[in-house]
Amino acid sequence: MLRGTVHALVGENGAGKSTLMKILYGMQRPDEGTITLDGEKADLHTPADAIRLGIGMVHQHFMLADNLTVLENIVLGAEQLHGIGGKARAKIKELSDAYGLGVRPDLLVEDLGVADRQRVEILKVLYRGARTLILDEPTAVLVPQEVEALFANLRELKSEGLTIIFISHKLGEVLSVADAITVIRRGTTVGDADPKSVTVKQLAELMVGSELPSPETRESTVTSEVLLDVKGLKLAAVDAEGIERTVLGDVSLTIHKGEVLGIAGVEGNGQAELVEAIMGMRTPDAGVITLDGADISTAPTRKRREDGIGYIPEDRHRHGLLLEGTLWENRILGHVTEKPNSRGALLDLTAARRDTERIVKEYDVRTPGIEVTAASLSGGNQQKLIVGREMSHLPKLLIAAHPTRGVDVGAQAQIWDQIRQARREGLAVLLISADLDELIGLSDTLRVMYRGHLVADADPATITPEELGSAMTGAASGHLEHTDAEGEDR
Amino acid sequence: GSSSSDDSKDKGVGIAYDVGGRGDHSFNDSAAKGLDKAKAEFNLGSKELTAKNTDTEADREQKLNDLAGAGYNPVIGVGFAYADSVKAVSKKFPKTTFAIVDSVVEGANIDSINFTEEQSSYLAGVAAALKTKTNKVGFIGGVDTTLIKKFAAGYQQGVKDTKPDVSVDIEYITQGGDFSGFAKPAEGKAKAKGMLDRGIDVIYAAAGSSGSGAIEAVAGKKGTWAIGVDGDQYQDKGLAQWKTAILTSAVKNVDGSVYDVIKSVKDGKPLTGTHVYNLKAGGVGLATSGGYIDDIQAQLDAAKKKITDGTLTVRTTPTS
Amino acid sequence: MKKFDKDRLILGLAAPVLAIVAAFVLTALVLLATGKEPFHAFNVMFDKGLTSDSQVFILNKATPYYLAGIAVAIGFRMNLFNIGVDGQYRLAAFFAAVVGGAVNLPSVIQIPLIILTAMLVGAMWAGIAGVLKVTRGVSEVITTIMLNAIATAVIGYFMIPGRLAQLHADTNSVSTKEIPSSGHFFGFDMGTDGTIWGFIVIAVLVGVLYWFGLSRTRFGFDLRTVGRSESAAGASGVNVKRMIITSMLLSGAIAGLVGMPVLLNDAHQFSTEFPAGIGFTGIAVALLGRNHPIGIALAALLWGWLEIASSKLEFEDYDKEIVGVMQGIIVLCVVIAYEVVRRYGIKRQQQKVGEELAAQARTKQEAAA
Amino acid sequence: MSATATPGKTAKSPAAKIRAKLTFSRVLLIIAGALILISAVRAITGANDMTSSGQISGALTMAVPIGLAGLGGLWSERAGVVNIGLEGMMMLGMFFGAWAGWQTNPWLAVLAGILGGALGGLIHAVVTVTFGVDHIVSGVAINILALGTTQYLAKIWFSMGKAAAAGGSPKQSPPMDDIKSFTVPGLSDWMHTLEGHHWFLISDIAGIIGGLVTDLSSLTLLAAALFVATFFVLWRTAFGLRLRSCGENPIAAESLGVNVYKYKYLAVIASGGLAGLGGAFLAIVPSHIYNEGQTGGRGYIGLAAMIFGNWRPGGLAMGAGLFGYSDSLQLRNGGETVHALLLALAVGLAALAAWRLYQKKYLPAVVGGAVAALLVVWYSLTDTVPDQLVGATPYIVTLLVLALASQRLRMPAADGQPYRKGQGK
Ligand SMILES: Nc1ncnc2c1ncn2[C@@H]1O[C@H](COP(=O)(O)OP(=O)(O)OP(=O)(O)O)[C@@H](O)[C@H]1O
Ligand SMILES: Nc1ncnc2c1ncn2[C@@H]1O[C@H](COP(=O)(O)OP(=O)(O)OP(=O)(O)O)[C@@H](O)[C@H]1O
Ligand SMILES: [Mg+2]
Ligand SMILES: [Mg+2]
């Protein structure tokens, strides 16, 4: 890797990109092998070693303490540079202005949006005078416009002679920003690619060793029968300081049988709360939810599940699994009142076990057996188990939040197939995803959520991710029409 | 299993203390003193067991059973908590003499040892009434048990009979089932300070080790007096710093009673039945160490005479 | 897949065995350091602590400990720390004794009446903590500790002759009115070794119900789900708040039973001598028994044995307080051992799963080739 | 670490950031209000002990061990480790303090107490940080171990030989000498005089100041200094920032090169040391001895005070003060003063209810009002509060306060959660 370049690292989920970077950053120790930095062998035991050697890392998940101020988050661990007071504040202002990051040091991090947090993360690294920057999937939560702004920042940094390691699953982005590309698979380097000559398709094939599947939906199966009707859903939350703010402001939507409704939006704009309100995990302040003609506005979550809502949660570890439970216990989870898991008030363990075996086989969950804990499965296999479980109860409505997040391309294709299959049989789907390609590819109808409101809708057949992105930042609203004038897409 | 045989050789005295045990600077200690005296005099062996806060009836029976079973004689239960267990175990060992302190238990081989704490407390009340300058005196009980109320009642009556216009404040550190009040010197001190702040200048504390806190508080304010309890607290090494504040102590001679029962067994004429160790018999009384009550000895003797000749009966529950 | 089960069993047993061995070693060191001979001490504990009359004693001691352990374990299974079992059982036993002393009905009514009163009072007292947690978000750890102290005050208020108690002039003790013989529970007469309290039957029943309820019913599944992950439980359709209150009530109801063996089999009245502190023993017992009905039983027996051993040690001129040190060391070692074994188990399983998958993939590839 | 994975919050507009913060002036205002209320109630009811210097001085003595235990809890929980073992650490502090104290002098007792508590803290750190055991489980185990150990050692060290001759027993150590205490000469007397007049407000303030300047133990001063030092260290130094970051987001801290284990260890050891000092205080100032059971649950109350104080030294000081006050109250005159306080409580609740009404929060308003009315009825129908209830005052106050205040509280985000190095994603 050369100084003053952007070096991209691509690979399937779980290929070991993050792990490699963590080793480079001293957070994990390699079993063998060496790291050479500026011609010298670097011995990295802790992040402190890495920082000392001028390596900085922006992690895949934010590494910020919500209840500390931006300033405190930035100076933490680097107090010896400029203290924790006025001098540090001045330095932060200086850096922020120099790179146009617009960071305000005295806000609490919890008050910041995603893009602002991302900038705080970058500033954290710059503050330490890092010469080598590792960015692990920095764009995953950003809308295209924000991605562009980030790339502008990166180019600026590069021109100052910094080295940047950039990890992303969005191959288009990779090609646009990288000077060199390394592809890894199953923990080993499988090759290098030149971003000037390689195409997205070639790169993808290099990554997975096969063709890239597409989420494209072939034929429309939308019927005229309304399955889910949400009217005037409102939710306000009171935060720790007693300030009331709108989370959902008058959300109404309708999903028909056989329809996939996709909701686009930057994370934190109320999608999670919308899902939780429909699932009955949150009580909205106002609004009516009708499922297949029955008012379920006040029904408890269990009733809603029994009535035919399947749920693939956004965060499977928090909401979808008992990590220390066995696979068959996880198969019962969420459907404990339904067959084959129980008869009357008693569990039917034999039947539940048998059905778990079936799911494992049918959904290709890679596991040596059903007595192992969910924690010992890889993320993709955990997700397949969840999908299998939810589909086994023949839901009328499937709420799928980021169904393929953290899942490799093979499993991704499988999950898409299952959703399409069920949709053909009349399943209604509420799809939430940060992956705009997935959204556009799978949905029959698209809506955009911004600050708790559904601000725009679009036709997935014609819309581009960029156009969707502008609505997601609040720059556009109403019905989004595709204009060819936008020029060629990547 | 335990053998109920009584024929194992006489091994000496078995004694089961109440919670606190030997070294509580209070009545368990007093019992231990009696034991030590008898041991020295008759060259006896002994076995001492101590109760825990969490002990149940079963534990207490187990203790007495072990002692009697191992051949100790007499077996002494110190404290009324042992009443039921003494009753139960004494039946199993008819040839062993049992003693119970502070309780009356029927049985052919049981010596029930009782004290008239209200009588010594009455004298303490007389002394308090004569020594107070503010006409306010106080009583601090560790826990509001029946036994402690006997102390309070006698004290109150002694004060009122001597000087009707002297007020008596009766307070307890903890209430009901919470026996921690006997072991809270910090709280005893705070309570005593509260009383002193209200102008009370003589405080009688029947509160186990909490009493030492009260004595310390009293020692911190000039011209005020503390009255000790159970043993002669003026002589207590742990209280040596503050002994000049101890006017007198209402002594309860548990040691004497324990000595008596051991001696009786040794002499082959074991004591049985109820024995009241009263003022007349010297079972209770006022300590004179320090000489602070020498000046009022005449009044005290007069009161003592009234009690011992039966013209005065001391109440056992305080009036409110 | 039975292989994983067996591994689990071995690992599960490894922890307590390891811990108890460590505890004995450490205790021996403490004894040596303080100039006492440890081997004779252990000898005494095993010899004298396990005679047939000691066995009866241990069983009788273990019965309330077991119930307390189950009461605590119900909370633990939910990630609730019911430190208030102590207050709950004392308050429950007190009011049950009052009710039992006030009426004289046939045994078939009298005994259930007393037991139900106790369960009700225990449940209500624990319920306060549950309600405060659910509605006001107050940690049950703090509330139950406060409620213990308040229970003491409540009992103190009523334990006054003329209120709900009476004075025994002879013995100087204050107690509730004695429960008539129709309210006495049966016992197993063991001759000179004593009587085994019949309430042990109820304790065993409670253990069976606990096991069955938790592992074989929908309700139990929901309860365990909440204990493992509140967020996942909520998403799966469990009403977490109601579950918290329910399990607090259940825990309190079982806590209410803790005082019953002593009350119905032994004391027949609530006096100032009624045993206190069993609730805290229950915490240790539940931790030791890993919330498992059999584990708790073993732990309760262990505790009972340590207690009799302590009085036997005292008899041999050891300081019986050494048993307190031993108890502390056992609990500490056990919790560490469980955690180490748990982590090791998870890691090992992940590794094994990885290996097996790799092996499967290889055979598949070979088959394809 | 899914908690850090996605920011589950809606981006807020800057306008929404006006916080209803408890500023210093607001706190002063609240204190002044409470003072006036108390003065008024005292003047009306004649329960003069409410603000007497003796009451205040007693409250201070009772508050210090609770406050020190709470401060211990604060250090530990700010670094993300829940410490319910404070009670055990207090026992160790009390024991070793008394052990050193009777043989040498009270200042060595202080040192020994701190070390004894720190030893307990070290065990807690090993068990929770290194072995990753659940914090509450570990704390409970430490309490059991500390109780067993102190009882055993007391039996061996205090009830034999020289110690026994000096007044020791299995339950008590021999007494140690007094530690130095201060009385501000002129001020104390002047305040005492003022207080004697029972004037509205003036005598109350005089009583409070008088209580604070009379017979003030040097350990109390040390404790006060530790509160200030804690605030300074935790909120104004790099060390403190790092320590707090371990309680807010240890993975983020780790990623910035902070040695999280080290800070957790230091915090928990400091926590034990502070609790140990609290225990030693009990042995040195009010009683001069180790006395079995003397900690009496103060470790737990300290924890409650810390929660009440929202994990901040200032709030904790107020919480500890409140508990100390009600403790002292119940020990001093009991019934009558608490009885008078019923009236104060009723007025306070009524005011709160009115405020809720103004905010259009009807249910809390009605409940508050109803409780206030009940209290007034209770007050007017009785002359005193039963002793048993008075004894429970501190606990009932704790429950009430937590029930009322808990939802405004914010504990460190990663408090009580297990942390392993390198587990971050
Ligand atoms: N210390 C370890 N030992 C064994 N396996 C590990 C270890 N650390 C991580 N893994 C596994 O190695 C794989 C690589 O994970 P990593 O997070 O690096 O993937 P990634 O390429 O960043 O994927 P993604 O695109 O999802 O971020 C995962 O399956 C992970 O569970
Ligand atoms: N003023 C300074 N200028 C340059 N380097 C410094 C300065 N102060 C400290 N360092 C170095 O920075 C490194 C990290 O210091 P830091 O203060 O973070 O260490 P630490 O507090 O001991 O470690 P940690 O708190 O992370 O466990 C050390 O190697 C130290 O020598
Ligand atoms: Mg990954
Ligand atoms: Mg990654």
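Bear in mind that the values here come from a model prediction, so they are computed numbers and not experimental data. Order of the sequence lines fixes the chain letters, A, B, ..., with proteins taken first and strands second; residue numbering starts at 1 for each chain.
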Chemist: Taking B/Lys191 for its side chain and D/Arg332 for its backbone only, find out whether a donor-acceptor pair lies under 3.5 Å.
Modeler: no
Chemist: Answer yes or no: does atom CG of B/Asp165 have more than 12 heavy-atom neighbours from other residues, nucleotides or ligands under 6.0 Å?
Modeler: yes
Chemist: Do B/Pro185 and D/Gln294 make a side-chain contact, defined as non-hydrogen atoms from C-beta onward lying under 4.5 Å apart?
Modeler: yes
Chemist: Among B/Ala186, B/Ser212, B/Gly220, B/Ala217, which has the most heavy-atom pairs under 4.5 Å with chain D?
Modeler: B/Ala186
Chemist: D/Gly296, D/Ala165, D/Gly168: which one forms the most heavy-atom pairs within less than 4.5 Å of chain B?
Modeler: D/Ala165
Chemist: Among D/Ser159, D/Ser169, D/Pro174, which residue has the highest count of heavy-atom pairs closer than 4.5 Å to chain B?
Modeler: D/Ser169
Chemist: So which residue, B/Asp29, B/Leu239, B/Asp197, ends up with the most heavy-atom pairs under 4.5 Å with chain D?
Modeler: B/Asp197
Chemist: What part of B/Arg198 lies closer than 4.5 angstrom to a heavy atom of chain D: side chain, backbone, both or neither?
Modeler: side chain
Chemist: I'd like to know which of D/Gly58, D/Ala166, D/Ser57 tops the heavy-atom pair count under 4.5 Å against chain B.
Modeler: D/Ala166
Chemist: Is it the case that atom NZ in D/Lys180 sees more than 12 heavy atoms from other parts of the structure closer than 6.0 Å?
Modeler: no
Chemist: If I compare all heavy atoms of B/Ala183 with all of D/Asn291, which pair ends up nearest, and what's the gap?
Modeler: O-ND2, 3.1 Å
Chemist: I'd like to know which of B/Gly188, B/Ala240, B/Ser209, B/Ala192 tops the heavy-atom pair count under 4.5 Å against chain D.
Modeler: B/Ser209
Chemist: Test B/Lys193 against D/Asp215 for side-chain contact (heavy atoms from CB on, under 4.5 Å), laying out the working first.
Modeler: CA-CA 12 Å; B/Lys193 272 193 174 162; D/Asp215 207 13; 4.2 Å; yes
Chemist: Let me confirm one number: the CH2-NE2 distance from B/Trp242 to D/His288, rounded to the nearest 0.5 Å.
Modeler: 4.5 Å
Chemist: Would you call B/Glu187 and D/Arg298 a salt bridge, taking side-chain N to carboxylate O under 4.0 Å as the test?
Modeler: yes
Chemist: Please classify the contact of D/Met176 with chain B as side chain, backbone, both or neither, using a heavy-atom distance under 4.5 Å.
Modeler: backbone
Chemist: Would you indicate whether B/Lys39, at its atom NZ, is surrounded by more than 12 heavy atoms from other residues, nucleotides or ligands within a distance under 6.0 Å?
Modeler: yes
Chemist: Does the side chain of B/Glu216 reach to within under 4.5 Å of the side chain of D/Asp178, using non-hydrogen atoms?
Modeler: yes
